[in-house]
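In what follows, a structure is listed as structure tokens, so that the remarks can point back to it.
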Amino acid sequence: MEIKNTQVCVLTARGMAAIASVALAGDDAQTILEKVFRSSNPLPPSGYWPLAGGERIILHGSIVDGNTIIDEVVVGCEDDQFVIHCHGNPLLVEQIVKLCQANGATLVGTESFMSGTYQSQSADMIEAEAKQAMQTCATLSGVKIIANQLTYGLLPLAQTWLETVDTMSVQELWAQCHHVLRKTSRAKYLINRCRIVIIGPPNSGKSTLLNQLAGKDEVIVSDTAGTTRDWIQITCHIGPLLADIYDTAGLDAMLMQQHEIDSEAQQATMQLIRSADMNIFVYDITREHQAQSLLFSLGSLKTVIVANKCDLLTPRQRENIYSKYVRLCAKTGDGIDRLTQTLLVAMKVADFNPQTPVCFTDRQLLLLRQILHTKDKPTAKKHIETLLFGDNPV
Ligand SMILES: Nc1nc2c(ncn2[C@@H]2O[C@H](COP(=O)(O)OP(=O)(O)O)[C@@H](O)[C@H]2O)c(=O)[nH]1
Ligand SMILES: [Mg+2]
């Protein structure tokens with residue numbers, strides 16, 4: 001029998017794991033599996049696999065190469081794909097993959113495999129994209145937002161657009177698209193990683209704060225100004241966000257003039273600051289004067305301001321000093337929760353409703369922008385159809 005278009009893919013094994021999963025999907029997946037799998041349970045009499053009715057079964061048995069048993073496995077049969085759960089030894093996994101290849105399957109990477117199987121399983125594009133995006137999404141909150149797009153968010157909204165576009169004014173459609181795009185610019189912080197840059201004068205406690213956020217001593221903390229020459233990046237969770245946090249070289253005009261290396265580092269820091277989703281400006285509360293001019297020179301950057309070393313204030317000073325900024329003691333972590341909450345509010349994700357319609361792929365974004373560029377209803381309708389069904393004719 002000719003083998004058509006069947007793919008094999010290693011789904012989960014990374015390095016050494018107790019269990020690995022090898023997926024097999026495509027027109028002849030069943031034929032290939034019948035050749036390489038010997039079930040230890042009696043099989044249903046009505047043929048090998050109950051796939052047509054959408055049933056799901058789990059079988060126990062062995063992967064065999066002729067008469068040689070390669071591994072004892074469990075096979076999950078779902079929709080039109082089989083997942084062989086085998087032992088995690090990479091040599092075994094490789095043998096099973098090679099056996100599938102020898103029987104006609106093509107080895108593909110996870111992403112390509114997922115997009116192929118999801119598109120064949122899904123009636124519409126947004127659903128296929130959601131299934132795929134949920135696999136690669138950086139955060140749990142992002143997974144929640146994407147899952148909600150199918151029941152409450154973008155999918156039902158686009159379906160309503162398609163039903164009502166003939167009677168709805170173009171302006172109303174544009175207003176709704178604008179709303180989705182505005183919310184998307186917030187949701188992207190939750191769905192993807194975000195970039196947060198810590199800035200401020202030397203010795204104000206930036207590296208101490210980064211260590212505190214990361215929950216470990218990764219960054220050199222020192223009493224000597226200018227210890228962090230370039231920048232250091234750490235990825236960690238801040239509330240629901242997955243953030244790449246950068247600890248930067250001190251922004252200090254004096255240092256800039258004295259040392260070439262700091263001048264270069266500071267130029268690079270400025271670039272990083274401009275590209276940040278949010279900056280945290282840390283200053284030493286006992287040296288407030290030092291911070292003011294630097295803050296002024298930063299202008300209108302997206303910045304949360306943190307007054308650090310609050311532990312050094314006397315109780316009396318603590319009462320008298322008024323600070324509208326986040327009060328922190330980076331050394332002990334006191335105030336970190338306040339800082340987290342302030343960051344989430346500043347990034348407008350503090351109470352993000354996951355049911356809000358948003359775009360979560362570049363394709364969706366592009367189509368919404370195209371709708372915003374058309375005054376012509378039939379064209380707008382075509383874009384909505386493409387959003388829902390892809391480029392295939394409906
Ligand atoms: N008392 C006190 N000292 C701190 C605090 N945060 C940092 N420091 C100290 O300030 C000095 C400079 O800290 P560092 O994180 O290296 O500052 P950076 O140059 O801004 O990265 C170190 O001796 C830290 O231990 C704090 O909240 N309270
Ligand atoms: Mg430092």
Side-chain angles (χ1 to χ4, degrees), residues 195-236 238 243-273 275-276 278-298 301-343:
R195 175 179 283 193
I196 294 176
V197 179
I198 305 179
I199 52 177
N203 237 21
S204 58
K206 299 180 295 299
S207 303
T208 309
L209 172 60
L210 186 73
N211 284 333
Q212 195 62 251
L213 288 169
K216 52 193 166 187
D217 286 344
E218 288 262 343
V219 188
I220 306 160
V221 175
S222 149
D223 285 323
T224 319
T227 305
T228 310
R229 288 297 170 117
D230 214 317
W231 65 64
I232 290 159
Q233 182 239 312
I234 280 175
T235 304
C236 65
I238 296 192
D244 290 330
I245 308 184
Y246 292 79
D247 177 22
T248 60
L251 277 179
D252 185 309
M254 290 280 287
L255 274 173
M256 203 161 170
Q257 281 156 17
Q258 280 169 13
H259 304 292
E260 185 63 21
I261 183 168
D262 284 305
S263 159
E264 260 178 43
Q266 283 162 7
Q267 279 169 21
T269 302
M270 278 317 290
Q271 259 181 4
L272 198 63
I273 291 169
S275 71
M278 190 54 67
N279 293 289
I280 304 177
F281 183 90
V282 182
Y283 74 91
D284 180 339
I285 198 158
T286 63
R287 310 178 81 189
E288 201 154 9
H289 58 281
Q290 186 193 27
Q292 289 305 335
S293 59
L294 271 175
L295 255 180
F296 184 73
S297 64
L298 287 175
L301 283 169
K302 291 177 269 185
T303 309
V304 163
I305 303 169
V306 173
N308 191 32
K309 306 197 187 180
C310 284
D311 55 304
L312 295 182
L313 299 177
T314 61
R316 199 191 169 121
Q317 279 174 320
R318 226 168 281 172
E319 266 172 35
N320 292 339
I321 287 190
Y322 166 76
S323 173
K324 60 182 176 202
Y325 306 133
V326 182
R327 287 190 178 205
L328 186 73
C329 172
K331 214 168 185 175
T332 62
D334 186 29
I336 288 281
D337 289 348
R338 258 193 315 272
L339 173 58
T340 300
Q341 195 51 30
T342 309
L343 274 171

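Atoms within a ligand are numbered from 1 in the order they appear, just like the ligands themselves. Count residues from 1 along the sequence.
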Query - From CG (N308) to OG1 (T286), nearest 0.5 Å - result: 9.5 Å
Query raised in the report: Do K309 and D284 meet the salt-bridge criterion of a basic N to acidic O distance under 4.0 Å?
Result: yes
**Report entry** Polar contact flag for D247 and ligand 1 (N/O pairs, less than 3.5 Å)
**Finding:** no
Requested in this report: Nearest heavy atom to atom 17 (O) of ligand 1 wins, so pick from A307, S207, G205.
Outcome: G205
Query raised in the report: More than 12 non-hydrogen atoms from neighbouring residues, nucleotides or ligands closer than 6.0 Å to CZ on R287, yes or no?
Result: no
Query raised in the report: Considering only heavy atoms of N308, which atoms of ligand 1 have at least one such atom less than 4.0 Å away?
Result: 5 (C), 6 (N), 27 (O)
Query raised in the report: Atom CZ in R327, atom CG in L313: separation rounded to 0.5 Å?
Result: 6.5 Å
Query raised in the report: Hey, is the Mg ion (ligand 2) within less than 2.8 Å of some N/O/S atom on N203?
Result: no
Report task. Please determine if P202 has a nitrogen or oxygen closer than 3.5 Å to a nitrogen or oxygen of ligand 1. Result -> no
Requested in this report: Supply the atom-to-atom distance D247 CG to I196 CD1, rounded to the nearest 0.5 angstrom.
Outcome: 13.5 Å
Query raised in the report: Is there side-chain contact between V304 and N279, with heavy atoms separated by less than 4.5 Å?
Result: no
Query raised in the report: If you measure from each non-hydrogen atom of L312 to ligand 1, which part falls under 4.0 Å: side chain, backbone, both or neither?
Result: side chain
**Report entry** Proximal atoms of ligand 1 relative to D311 (non-hydrogen, under 4.0 Å)
**Finding:** 1 (N), 2 (C), 26 (C), 27 (O), 28 (N)
